[in-house]
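Quick notes on the structure that follows.
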Amino acid sequence: MATYQPLHDWNVTPTEAVALQQQLRSQIRIEPLAEPPKTIAGCDISFNKFEETVYAGIVVLRLDTLETIEEAGVVSTAPFPYIPGLLSFREIPSLLQAWAKLKIEPDVVMFDGHGTAHPRRIGIASHAGLFLNRPTFGCGKSVLVGKYDEPALERGNWSPMKHYGEVIGAALRTKNKVNPVYVSPGNWIDLETAIALTLQCDGGYRIPEPTRRAHNLVNALRRGEQKIS
DNA sequence: GCGACAG
DNA sequence: ATCTTGTCGC
């Protein structure tokens, strides 16, 4: 029931995908939130090695209590392969199917990957943000592009990630003495807010709760331990 | 040309 | 991402 704007077809070749990114990047807006968010969604996909079937899921939580208030999952197929820099073409199609099953329209969406911390500044969080037309940001577990100085070891510290001289994201410590996560704006949000939201979604683990729960959901789906909701 | 390379 | 048990360190 949640809606989105189908800006373009997903049936493209890698070369066409890069051209689409170049064309879409100008539509991305990096700015503070217009409204204080009450709900946040986490997204993820899972699959069996060498298989084309993908399990996509979205979990919606209240930002104040981190209580899960809705889950949606789908079993789909990914026609596009994983190619560094083109992750959105593999994951967004099935995530949109899960999105369409949501009754709640989340105020902000967190992605397992990057937003502006991308060679063309349009990672999965930014690309999806254009379709969803609402605040989105990325929180990845490793770097695609960019250099940074190691942030201080205590939770909450962060240092800017730079690429060709520009700040594209942040290496953020979400837990004491544990490797940082990499946060970057997707669309309709700024870096500072994305960092604050990531810290607000703390559940005691390195990975913030929205993504962690979405990951658990899709893995349960893949193993047949969970019915499609 | 070589190495890197989100999930 | 996924395949998998134990094990080193705080």
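In this text the structure is predicted, and so the values were computed from the model without any measurement. Chain naming here is simple, since letters A, B, ... match the order of the sequence lines and numbering starts at 1 in each. Excluded from the calculations below are hydrogen atoms, water molecules and symmetry mates; all remaining heavy atoms, backbone and side chain alike, are included.
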Give A:N176 one of three labels, base, sugar-phosphate or nothing, depending on what nucleic acid heavy atoms sit under 4.0 Å from its own. nothing
Output the pairing pattern of DNA chain C as a dot-bracket string, 5' first, Watson-Crick or G-U wobble with both distances under 3.5 Å, | for cross-strand pairs, [ ] for crossing pairs. ..........
Distance-only check: which donor-acceptor pairs under 3.5 Å involve side-chain atoms of residues 27-37 of chain A, not counting sequence neighbours?
from, atom 1, to, atom 2, distance (Å)
A:R29, NH1, A:S26, O, 2.9

Pairs counted only when both distances fall under 3.5 Å, Watson-Crick or G-U: show me the 5' to 3' dot-bracket for DNA chain B, [ ] for pseudoknotted crossings and | for other-strand partners. .......
Taking ring pair (Phe, Tyr, Trp, His ring centres under 6.0 Å) as the cut-off, I'd like each qualifying pair that reaches into residues 160-219 of chain A, sequence neighbours left out, listed once. A:Y148-A:Y182
Contacts satisfying salt bridge (Lys or Arg N to Asp or Glu O under 4.0 Å) that involve residues 86-104 of chain A (not counting sequence neighbours) are none
Between the protein and nucleotides 8-10 of chain C, list every N/O to N/O distance that falls short of 3.5 Å.
none

Contact list for residues 52-64 of chain A, test salt bridge (Lys or Arg N to Asp or Glu O under 4.0 Å), sequence neighbours left out: A:R62-A:D64
For residues 132-156 of chain A, which residue pairs pass the salt bridge (Lys or Arg N to Asp or Glu O under 4.0 Å) check, not counting sequence neighbours? A:E105-A:R134, A:D112-A:K141, A:E150-A:R173, A:R155-A:D202
Got a sec? Which of residues 135-146 of chain A come in under 4.0 Å of DNA chain B, heavy atoms? A:G140, A:K141, A:S142, A:V143, A:L144
Going 5' to 3' on DNA chain B, which nucleotide is the first and which the last to come under 4.0 Å of a heavy atom in chain A? B:dC5 to B:dG7
For A:E166, all residues meeting side chain to side chain donor-acceptor pair (under 3.5 Å), sequence neighbours excluded: A:R121
Among residues 73-87 of chain A, which residues get a heavy atom nearer than 4.0 Å to DNA chain B? A:Y82, A:P84, A:G85, A:L86, A:L87
